[in-house]
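Taking it in order: structure first as structure tokens, then the write-up.
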Protein chains: 2
Amino acid sequence: MATMKDVAKLASVSTSTVSHVINGTRFVSDDIAKRVQDAAQQLNYHGPSAVARSLKQNCTKTIGMLVTTSTNPFYAEVVQSVEQACYQQGYNLILCNTEGDAQRLKRSLSTLIERRVDGLIMMCAMLEGDDAQIYRRLGGLPVVVMDWGEVDFSCDRIQGHSRQGGILATQYLIDNGHSEIGCITGPRNRQQANLRYQGFVDAMNAANLPINPAWVIEANFETEGGKAAFAKLQAQGELPSALFVCNDMMAIGVLHEAQRSGVQIPQQLSVIGYDNIQLAKFMTPALTSIHQSKARLGAAAVNALIARLHEPHLPPQFMDIEPRVTERASVASNEVKVKN
Amino acid sequence: MATMKDVAKLASVSTSTVSHVINGTRFVSDDIAKRVQDAAQQLNYHGPSAVARSLKQNCTKTIGMLVTTSTNPFYAEVVQSVEQACYQQGYNLILCNTEGDAQRLKRSLSTLIERRVDGLIMMCAMLEGDDAQIYRRLGGLPVVVMDWGEVDFSCDRIQGHSRQGGILATQYLIDNGHSEIGCITGPRNRQQANLRYQGFVDAMNAANLPINPAWVIEANFETEGGKAAFAKLQAQGELPSALFVCNDMMAIGVLHEAQRSGVQIPQQLSVIGYDNIQLAKFMTPALTSIHQSKARLGAAAVNALIARLHEPHLPPQFMDIEPRVTERASVASNEVKVKN
DNA sequence: ACTAATTATCGAAACGTTTCGATGGTGGTT
DNA sequence: AACCACCATCGAAACGTTTCGATAATTAGT
């Protein structure tokens, strides 16, 4: 690959002049500029090496992102919006999947640090205990955390306002005349999962409705988990009349399992999901869900990160994206409900 | 951030010695090695700067990937397997979405080149005409192309053997007693889309079945496209008894629209999809589909790329991943079919 | 005991940029 | 004509590594 030096030699100017021409960083007389352009053309020189530039400038215009599984539609949508925001701001994204594996998280974190990413976005289960000491390596690297909990280093947070979302979902079911309401939660040790459940509890309490513990089941945020949870619910006997399923993937699992075992949704059981992934509207029945804007989540994360790059000593920022319910066909009013 | 120089100074050794200790590239006496380790520890030195190293070694251990929309489940699964393979081989992945936008493709390509990625995986619509000259910038950069067509530069190819997949799908419908078979294709100017359609044609011809042109509709590989295509099909009058929908996303759209307008699947219309995305089995009815292993596609792409890095002058490689049908509930045998 | 062979460490150049101070040339002012 | 500003370009150092040849120190061979 041709370098600036080569171009400089061919154009009989100094490297610094070439640099200024290429970057437009200083005035260069027209004829010399032209000579440089021509030489560049001739040598097929295309853009300065980002790696050399990064070395000199101590900034890579790259951000790293750790995500549990980019294959999960919710994550996929967030990742995409992150990438989009990066693109618009002139950054590139290095994506690392952790697959929930601590070892992998550690190694990925290390390589991202070695690569001198300018910042980090984490949307994955967190390390704890001894492993948590790896975060000390971060050494002031700006980090934005999405999706969970307490963390022992300073960082910004973008969150989905999950508690309010949980309230919204439950309240929606209540407003539709339901009082026997169950909840399929995500892994309760993850903050967002727990907050959604707390929202459920809040709303039930506020409405003076009893919570049947047999109807709250913890699952893993995956389709299979939702399916298993529904099977378990059914094995226990009487079903509630409505179910708040804490994410759409699990809701898809319960829809599927319900259909398989002949319980009709929403006639016999109303279901509301969470996340409003793109596919939700294509389920049968179309899935009513709590919408949170993945585009805004991603953009907010990137913006927070870049803001911090420019102003490293701001106090940690918190940001919540408002959820809202989007109505579809998986929740029925309890008046028309047909008891099984 | 501490550098090797700092460590060297503190340990009173030369930088080169530090380098050898850190990388294990040469024998270093135990006591000096220890001194270096300690100094590194003390200065909180963590790993050599990948950017400096890349500059020196002229290799970034990074590969770039251009993809249309990483949000599409099929792509998402492939991207994930690519990332996984990269991880295993010690590479990092820079992901760029093109969103089908030529401008964006061009800019992303440029930055990837400036970043000196070691190789490129492209799974996106291709540039044509004048824009195609951007590929000349590649200058020998190893490229693996997935998912389409003719291309005017040398590269390796990983493909899904779409024609055979099309035959498989159609044959499966025929074997189930169908003879009135329609096909909803992807954008026919994309090779994979066209090959699937060609497979359909092949199988129909081989079975001496007529193709009703009203029953082949071109759509865009998205859920909405499938939905629209089905609506169009229905508006035209008599439906076929079975439909080969050339990817699962469109099939999901079809399922949805069919349900909405009261045609029962598979009783009135059998549907087979293509790709076998993870969600396919959770549709109602569970979607019968042509499976192609996303894991193998991704791994093959990365392996081909890395093989070429080591052996740049191999002739272009082609590789097909075998498809197979995975049976579920969206195709019914025609004997039981209930004419509407 | 003196050279030869071996071993462990050092020093310097190079990778491709950016950036700052230095340099020389031009034109304007008195 | 002498001086000063100013302008356009140059040169060199620096960024953090790797790597090769050189050097000093140790051991072995006769």
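Lettering follows sequence order; numbering is per chain, from 1.
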- Task: Starting at atom CE of B:M1, determine the distance to atom P of D:dT17, rounded to an integer number of angstrom.
- Result: 10 Å
- Message: With a cut-off of less than 4.0 Å, is there a side-chain N or O of A:S49 near OP1 or OP2 of C:dG16?
- Response: no
- Give a yes/no answer on whether the side chain of B:T17 brings an N or O atom under 4.0 Å of OP1 or OP2 in C:dT9. no
- Do the charged groups of B:E77 and B:R296 touch, with an N to O distance under 4.0 Å? no
- Regarding the side chain of A:R26, the nearest nucleotide among C:dT17, C:dA8, D:dT9 is D:dT9
- Sidechain N-carboxylate O distance under 4.0 Å for A:D30, A:K34: no
- Any A:Q57 side-chain N or O less than 4.0 Å from OP1/OP2 of D:dA14: no
- Between B:R35 and B:D31, does at least one N-O distance fall below 4.0 Å, as a salt bridge requires? no
- Query: Base, sugar-phosphate alone, or nothing: which one does A:S16 contact when heavy atoms must sit under 4.0 Å apart?
  - Reply: base
- Message: For a quick check of understanding: with a heavy-atom distance under 4.0 Å over all strands, which category does A:V28 fall into, base, sugar-phosphate or nothing?
- Response: sugar-phosphate
- Are any of A:S29's side-chain N or O atoms less than 4.0 Å away from OP1 or OP2 of D:dT9? yes
- Item | Distance-only donor-acceptor check, side chains B:S110 and B:R137, under 3.5 Å | yes
- Can you tell me if the side-chain N/O atoms of B:S14 get under 4.0 Å from OP1 or OP2 in C:dC10? yes
- Which nucleotide in D:dT18, C:dG16, D:dT9 has an atom nearest any side-chain atom of A:L55: C:dG16
- Query: When only distance counts, do a donor and an acceptor, one from the side chain of B:K56 and one from the base of D:dT18, lie under 3.5 Å apart?
  - Reply: yes
- Message: Expressed as a whole number of angstroms, how long is the span from B:K5:NZ to D:dA14:P?
- Response: 8 Å
- Closest listed nucleotide, where the reference is the side chain of A:R53 and the choices are C:dT17, D:dT19, D:dT17: C:dT17
- Message: Heavy atoms only, 4.0 Å cut-off, all strands: where does B:V51 land among base, sugar-phosphate and nothing?
- Response: nothing
- Taken to the nearest whole Å, CE/B:M4 to P/D:dC15 is 15 Å
- Message: Does this structure show an ion pair linking A:D118 with A:K61, if we count only N-O contacts that are shorter than 4.0 Å?
- Response: no
- When the distance from CD1 of B:I22 to C1' of D:dT17 is rounded to whole Å, what number comes out? 12 Å
- Taking only the side-chain nitrogens and oxygens of B:S19, find out if one of them lies under 4.0 Å from OP1 or OP2 of D:dT18. yes
- Item | Rounded distance (Å) that lies between atom P of D:dA25 and atom CZ of B:F27 | 18 Å
- Task: Compute both the distance and the angle, then confirm whether A:R104 meets the cation-pi test with B:Y87: under 6.0 Å from the six-membered ring centre, within 45 degrees of the axis.
- Result: yes
- Separation of C:dT9 atom P from B:H20 atom NE2, nearest Å, is 11 Å
- B:P48 side chain: which of D:dT19, D:dT18, C:dT17 is closest? D:dT18
- Using atom CG of A:D31 as one end and atom P of D:dA8 as the other, report the distance to the nearest whole Å. 11 Å
- Query: When the distance from CG of A:D30 to C1' of D:dT9 is rounded to whole Å, what number comes out?
  - Reply: 15 Å
- Query: Want to settle it: does B:N58 or B:A33 sit nearer the 5' end of DNA chain C, counting the closest nucleotide to each?
  - Reply: B:A33
